[in-house]
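Ligands are counted one by one from 1 in listed order, and the atoms in each one are counted from 1 as well. Numbers here simply count residues along the sequence, with the first being 1. FYI, side chains are in, hydrogens and waters are out, and symmetry mates aren't considered; it's all heavy atoms of this structure.
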Amino acid sequence: MRHMVAPLPAEFTGLIDRFGRKITYARLSITDRCDLRCIYCVSEGMRFLPRNQLLTLEEIARIGRCLTELGVTRLRITGGEPLIRRNAIWLFEQLGALSALHDLSLTTNGTQLVRDAFALKAAGVTRVNISLDSLQPARFQRLTRVGTLSKTLNGITAAIRAGFQRIKLNSVILRHHNHDEVLDLARFAINHGVDISFIEEMPLGLNSSRCATYYSSDAIRHDLNQVFELIPTAERSGGPASYYCIAGTNSRIGFISPYSHNFCADCNRIRMTAAGGLLPCLGQAQSIDLRRVIRANPLDDQRVKSAIYAAVMLKPLGHEFTHAVTSTLTRCMNMTGG
Ligand code: SAM
């Protein structure tokens, strides 16, 4: 969709949307490609974008700089699998050098971390989220269609050795697929001294079996409460997660509950696809074509900043996630950037 991009207001005081929410966090997808094919993420027969439609790493670095100059203090790099993009480390180095940035983080499936963990830490990455949905090799392969569990486990070990400020596992829990592993995954996180978030599957991409696989955060919490004492914390990320400490451990457990606990009122984030689509809301289809703006204005950052501001002004009050198949967004998470 093409929108008119108005200049930044003269009295600009930050990226504040129509509902008074301040946007300080951006998630940037740097590729739609992935070396895994998780069943809830990538649809069967998924076609990836031709390379010339992706933003270059230089363009992404420029957008990252513009975002921080507009008041964004946290950037998360995601995909697809960000670490399979050639020269990705160069981008982390550019972003890590931005003085206004407080927090540079990464979401990864872990398969490349044995190679990249130390370089990422040296580039200034503070926090890493690593996706891990099963500890059973055959099941891990079924859920990822092509993955090998040991590669991700070795990646987790490498990340721990590199010494990031915070490592968090992300587990999407699906009824009949891995809901019986909630306790094992939590024990794994505790034994490795890392955090873990359990995620409700979001209705992105064409998948008609969401209702059958839905397993709520409340059900997961109920399972955990049989064994662990969960102590609520006040920590909020401005997103869909709520966090608990696990008594007697250093690990925290998060619940990411887009269905059962609406989080839109506190939302502080925008997302960019690998093709430069700036999405004010994960759960709505609207976007601003930042690639067109950045390519038409190679020397004019004001135009880029105005386009970012315009996307924030489009931010709706809330997402429209429901279990209804008809309301499913056809955009998969690997295109959006999770
Ligand atoms: N390749 C990286 C990874 O595996 O973490 C980054 C991209 S992946 C799209 C980011 C996160 O989105 C992962 O934790 C993944 O589990 C999650 N995700 C993907 N599709 C999802 C869906 N339909 N519902 C909930 N989470 C989803």
Below 4.0 angstrom from a heavy atom of [X], which ligand 1 atoms are there? Numbered from 1 as shown, please.
{"X": "C41", "result": "9 (C), 19 (C), 20 (N)"}
{"X": "G79", "result": "7 (C), 9 (C)"}
{"X": "E200", "result": "25 (C)"}
{"X": "E201", "result": "24 (N), 25 (C)"}
{"X": "I199", "result": "25 (C), 26 (N)"}

For [X] and ligand 1, does the shortest N/O to N/O distance drop below 3.5 Å?
{"X": "E81", "value": "yes"}
{"X": "T78", "value": "no"}
{"X": "T108", "value": "yes"}
{"X": "D133", "value": "no"}
{"X": "P82", "value": "no"}

Taking 4.0 Å as the limit for heavy-atom contacts, which would you say applies to V172 with ligand 1: side chain only, backbone only, both, or neither?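 The side chain, only.
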
Min side-chain heavy-atom separation I130-N170 under 4.5 Å: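 They are not in side-chain contact.
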
Give a yes or no on whether R161 atom CZ has more than 12 heavy-atom contacts from other residues, nucleotides or ligands under 6.0 Å away.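 12 or below, so no.
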
Can D180 and R139 be counted as an ion pair, charged N to O under 4.0 angstrom?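 Yes.
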
Please list all pairs meeting ring-ring contact (aromatic ring centres under 6.0 Å, His included) that have one or both residues in residues 77-121, counting only residues at least two apart or in different chains.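 Sorted result for residues 77-121: empty, none.
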
Can you confirm if the NZ or CZ of R74 lies within 45° of the ring axis of Y25 and under 6.0 Å from the centre of its six-membered ring?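 Satisfied, under 6.0 Å and within 45°.
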
Has R221 got its NZ or CZ under 6.0 Å from the middle of the six-membered ring of F255, at an angle within 45 degrees of the ring axis?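 Output yes; distance and angle both within limits.
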
Examine F198 together with Y215 and report whether their ring centres are nearer than 6.0 Å.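 Between F198 and Y215, the centre distance exceeds or equals 6.0 Å.
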
Side chains of D218 and S216: donor-acceptor distance under 3.5 Å anywhere?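 The criterion, which ignores hydrogens and geometry beyond distance, is not satisfied for S216 and D218.
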
Measure the distances from the heavy atoms of G80 to every atom of ligand 1 and state whether one is below 4.0 angstrom.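 G80: in contact with ligand 1 (<4.0 Å).
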
